[in-house]
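Input: a single structure, listed below in structure tokens.
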Amino acid sequence: MSIANTIQKNVITALSALHQQNFTEKDFQINQTKPEFEGDYTIVMFSLVKSLRQSPDAIGNQLGEYLLNTYPALFSKFNIIKGFLNLSVTDTFWTDLLQKNYGNSCFGKKEKNGKKVMVEYSSPNTNKPLHLGHLRNNFLGWSVAEIYKANGYDVIKSCIVNDRGIHICKSMIAWQKYANGATPQSTGIKGDHLVGDYYVKFEGDLKAQSQILINKINLADLCDFSGPALEKLDKLLIALTKLDEIKDEEKIAKLHDEIKEIARNNTSVMAEAKQMLLDWEEGKPEVIELWKKMNGWVYEGFDVTYKRIGSDFDKIYYESNTYLLGKYIVQQGLDKKVFFKKEDGSIWIDLTADGLDEKLVQRKDGTSVYITQDIGLALQKYEEYKIDSSIYVIGNEQNYHMKVLQLICQKLGMPNAENIAHLSYGMVELTTGKMKSREGTVVDADDLVDEMIATSQKHTEELGKVKDFTPEELKDLYDTIGLGAMKFYLLRVDPKKTMVFNPEESIDFHGFTGPFVQYTHARIKSILRKEPLSNNQQPLANSNLLKLEKEVIVMLEQYPDAIEQACSEHNPSVIAMYVFNLAKTFNSFYTEHSIANAETADKKQLRLQLAVMTANALKSGMELLGIRVPERM
RNA sequence: GACUUGGUAGCUCAGCUGGAUAGAGCAUCAGCCUUCUAAGCUGAGGGUCAUUGGUUCGAAUCCAAUCCAGGUCACCA
């Protein structure tokens, strides 16, 4: 139990004893004392004034006296200022804490609790390489999985690969047309990038073709269209002439977008892609073969990237396998009357009672939609692993989709359906605006990793502190620092918030950054190499703590809380901030007081323990973020 | 339009289950390396916590309204 909780409990006991009534933790607040006042923890008296009908100072005095007398090992003194009771914790408490835990590299982590949780993250499409947004997803997913482990859960990291669908066909079409049989081997281009290049090529063709159509539409030439598309176009054009008079620019833009969408769907390249998707579903051998071949290239490329950034999975699901199961479950749900069928044969679920709409779960032609396979996969996860809860790391643009999925699972009576959690994270924007793959304004993951590692190399060489490293050691160090900087930069922000990616800032190695924390760790290790902590230690005789020494221990005491909070909030930034603050606190102590040349032998021992425990916590915390810490840098 | 998330220093972000004079980092300015790694430390300047009203002993934090920005509302994934 944390010291804050202990104090809270003691105050409850004290108040109940003093006033003969029951109190709970909601009756008062406990905070860390502000630095400008004397004390460690502060109890706010005001909330007690009404029920006790005494002045804040009177209540505080009684309470302070009682606590001091009852818990002399914990409290050394108190003062009351303007209704705030400031309690000082004894130095013995802090030194005991240090002595007990300094060598425990698992400090802050919990015992196994027997619960199983699955974290699904990454979820790439196999038509293009990973970009900055995927990195945020991967780092978050991996870190949350580790944080759960630290809280005693068994964790299964999973990934659903979206390996099927029209987007894949687009790359395949363009490759057939333009590649002349080019392969990653023949071109030397990484597989996922090669496939991505043809996806871009397809989009280029699509844009050119649809522009021709749009130009004709603007001249009122609709001879390329027929059927429902023609009808809709007619309506849109009529609506547009009306709006032109009103001059509502937003609506006009919306209508133009709709026209653009119709034009895109009427191009010949799009028709080819759609045909290929049909062929794929029918299992046409040459299409399947091409699909396997190109997906294979992408997987090879992904493997390289995943390995570099340290993402791994215990279980990989493929959409091409799961979508059929989804359809089967929809059929079952239909029998159970969870779903209903419309006259045209499409299958729906009615969520109006839950404040949502009716939602399609299967098309009238019997093919599955996005959510169909998610339903199947959700059940498969439970049956395969008997998990207690399931976390989905997915962007916040899919909040609605996830809400629907959760409701459907509940209505289907899936076990633990209420334990489906959506770790919804915000988009990564650039200082120049949003990333759009169609417009080529994405930051490629591989490029970014290269750049970060190159920068860390440059900095390291300039500082020249590790000239004796072997080439292998150097490479490892550059990776550790470059990736550390990048991961820390993306994880230090609250996941649910949209964040801005500033290239210059992300590459910074000073201040609130990964390398800052790594550096602090390396510096401690350097001391410990020269001044190892001896094994035969005496209990400390003099336990008077200096201000900066105590600050470090106080920070260390909060590590278990940080791990717990990060887990309950699904928020690695809690750890990032904690680890940064700990490093900062230690650095202040470090510059002010010498460890090797401490005033007395006792002080030296205490400070060495302090250093050991700080290094352990920094290492452990950074590992929860997926960041390694070097012994030297 | 409906629903939803956000608006805190020049920039990027903490703080939001109400508490004392609103905090970091970057950037700017001024200091600190013959002693444990200066990727560090110390200090200064920088704020109408979007706006208005309410609740209360006390509001950046809770409530309401307004303004601004993002997202969703597809037989796309």
Side-chain angles (χ1 to χ4, degrees), chain A residues 25-26 29 31 33-34 36-37 42 44-47 49-50 56 81-84 86 123 125 162 164-168 261 265 319 342 344-348 355-357 359-365 367-371 373-374 395-401 403 424 426-427 429 431 434 456 459-460 462-463 465-466 481 485 489 492-494 496-502 504-506 508-520 522-531 573-574 576-577 580-581 583-584 587-598 607-608 611 632-633:
Chain A
E25 60 272 17
K26 281 179 187 158
Q29 281 177 36
N31 307 83
T33 304
K34 301 235 163 196
E36 56 267 36
F37 301 102
T42 298
V44 186
M45 294 291 109
F46 295 105
S47 53
V49 169
K50 235 179 207 168
I81 302 169
K82 293 198 294 186
F84 295 88
N86 300 319
S123 312
N125 291 339
N162 300 302
R164 163 203 98 86
I166 192 87
H167 51 290
I168 319 286
E261 205 52 44
N265 277 320
E319 192 192 333
K342 290 195 175 175
D344 63 1
S346 56
I347 302 177
W348 297 73
L356 306 179
D357 296 324
K359 187 84 187 171
L360 179 93
V361 294
Q362 187 172 305
R363 296 192 189 101
K364 65 186 170 208
D365 61 5
T367 57
S368 65
V369 288
Y370 180 40
I371 202 153
Q373 58 112 359
D374 274 350
N396 62 11
E397 61 206 344
Q398 295 194 33
N399 284 352
Y400 184 78
H401 172 85
K403 221 166 162 181
S424 162
M427 299 291 105
E429 289 180 2
T431 41
K434 289 190 185 167
S456 79
H459 280 246
T460 307
E462 276 169 10
L463 290 168
K465 292 179 185 174
V466 287
I481 298 173
Y489 181 80
R492 69 184 199 185
V493 182
D494 187 337
K496 60 178 180 288
K497 288 201 168 175
T498 303
M499 66 174 288
V500 176
F501 180 83
N502 182 334
E504 287 139 41
E505 199 179 288
S506 73
D508 198 350
F509 289 4
H510 303 270
F512 188 17
T513 66
F516 171 89
V517 180
Q518 290 172 323
Y519 174 72
T520 307
R523 199 150 69 162
I524 294 173
K525 286 294 176 173
S526 163
I527 298 167
L528 294 176
R529 273 192 299 275
K530 289 171 195 162
E531 300 281 347
S573 80
V574 170
M577 283 186 289
F580 168 69
N581 282 325
K584 218 166 95 79
N587 281 334
S588 296
F589 155 76
Y590 170 91
T591 18
E592 196 65 30
H593 304 292
S594 175
I595 295 170
N597 301 315
R607 289 180 191 169
L608 280 170
R632 287 179 58 193
M633 65 186 278

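As a basis for the values below, the full set of heavy atoms in this structure was taken, side chains included, without hydrogen atoms, waters or symmetry mates.
Rounded to a whole angstrom, the distance from the P atom of B:G23 to that of B:G15 is 15 Å. Across B:A50 and B:G6, the matching P atoms stand 13 Å from one another, rounded to whole Å. B:A2 sits 41 Å from B:U21 when the P atoms are compared, rounded to a whole Å. Separating the P atom of B:A69 from that of B:U8 is a span of 14 Å, rounded to the nearest Å. Comparing the same atom, C1', in B:C41 and in B:U35 gives a spacing of 16 Å after rounding to whole Å. Here the separation of B:G54 from B:G58, taken at their C1' atoms, is 15 Å to the nearest Å. Taking atom P in both B:G53 and B:A14, the straight-line distance is 29 Å, to the nearest Å. Look at the P atom in both B:U48 and B:G10: the space between them is 8 Å, to the nearest Å.
For the pair A:N31 CG and B:U17 P, the computed distance is 12 Å after rounding to whole Å. Protein atom CZ of A:F46 is 8 Å distant from nucleotide atom C1' of B:G19, rounded to whole Å. In this structure, A:E592 places its CD atom 13 Å from P of B:C41, rounding to the nearest Å. Here the P atom of nucleotide B:C3 and the NZ atom of A:K403 are 11 Å apart, to the nearest Å. Distance, A:M577 CE to B:U12 C1': 13 Å, rounded to whole Å. Summarising the geometry, the separation between CZ on A:R523 and C1' on B:U35 is reported as 14 Å, rounded to the nearest angstrom. Protein atom CG of A:L463 is 10 Å distant from nucleotide atom C1' of B:U37, rounded to whole Å. Atom-to-atom, CD1 of A:I527 to C1' of B:U37 comes out at 9 Å; the value is rounded to the nearest Å.
Salt-bridge annotation for A:K496 and A:D494: present, with a side-chain N of the basic residue lying under 4.0 Å from a carboxylate O of the acidic one.
Nucleotide B:C41 forms a Watson-Crick or G-U wobble pair with B:G31, both donor-acceptor distances falling under 3.5 Å. Nucleotide B:C13 is matched to B:G23 when pairs are restricted to Watson-Crick or G-U wobble geometry with both distances under 3.5 angstrom. Here B:G6 sits opposite B:C68 as a Watson-Crick or G-U wobble pair (both hydrogen-bonding atom distances under 3.5 Å). Across all strands shown, nothing is found opposite B:U56 as a Watson-Crick or G-U wobble partner with both distances under 3.5 Å.
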Worksheet entry | Nucleotide-resolved protein contact map, nucleotides 21-34 of chain B, B/S/- at heavy-atom distance under 4.0 Å | ---SSS--------
Discussion item. Each nucleotide in nucleotides 67-77 of chain B should get exactly one letter: B, S or -. Can you fill that in based on protein heavy atoms under 4.0 Å?
Written reply: ---SSSS-BSB
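Between A:R632 and A:V44, the residue whose closest nucleotide on RNA chain B is further toward the 5' end is A:V44.
Taking a centre distance below 5.5 Å and an interplanar angle below 30 degrees as the stacking criterion, A:F84 stacks against the six-membered base ring of B:A20. A:Y590 qualifies as a stacking partner of the B:C36 base, centre to centre under 5.5 Å and near-parallel within 30°.
A donor-acceptor pair under 3.5 Å links the side-chain atoms of A:R607 to the main chain of A:S594, judged by distance alone. Of the possible polar contacts, none joining the A:N31 side chain to the A:T33 backbone as a donor-acceptor pair under 3.5 Å is found.
Between A:H401 and A:Y370, the distance separating the two ring centers is shorter than 6.0 angstrom. For A:F37 and A:F84, the distance between ring centers is not under 6.0 angstrom. The six-membered or imidazole ring of A:Y519 lies away from that of A:F509, with a centre-to-centre distance of 6.0 Å or more.
At B:U12, none of the side-chain N or O atoms of A:N502 fall inside 4.0 Å of OP1 or OP2 (strictly under the cut-off). Of the side-chain N and O atoms in A:T591, none sit less than 4.0 angstrom from OP1 or OP2 of B:C41. Within the structure, a side-chain polar atom (N or O) of A:K530 is placed less than 4.0 Å from OP1 or OP2 of B:U37.
Heavy atoms of A:N86 sit under 4.0 angstrom from at least one base atom. When heavy atoms are screened at a 4.0 angstrom cut-off, A:F516 is found touching the sugar-phosphate backbone but no base atom. Using a 4.0 Å heavy-atom criterion, one finds that A:T42 contacts the bases of the nucleic acid, with or without backbone contacts as well. If you check every strand for non-hydrogen atoms under 4.0 Å, A:S588 touches sugar and phosphate atoms only. Residue A:I524 is classed as having no contact, given no heavy-atom separation below 4.0 Å to the nucleic acid.
Judged purely by distance below 3.5 Å, without hydrogens or angles, the side chains of A:T513 and A:D508 never pair a donor atom with an acceptor atom. A:S424 and A:N399 form a side-chain donor-acceptor contact under 3.5 Å, judged by distance and modelled atom types alone.
Counting all heavy atoms, side chain and backbone alike, A:M633 lies closest to A:A522 at CG-CB, 3.8 Å. Residues A:T591 and A:S588 share a closest heavy-atom pair of OG1-O, 3.2 Å. Taking each heavy atom of A:S573 and A:R492 in turn, the nearest pair found is CB-O, 3.4 Å. The two residues A:I168 and A:N162 make their nearest non-hydrogen contact at CD1-O, 3.7 Å.
Because its glycosidic torsion is more than 90° from 0, B:C68 is reported here as anti.
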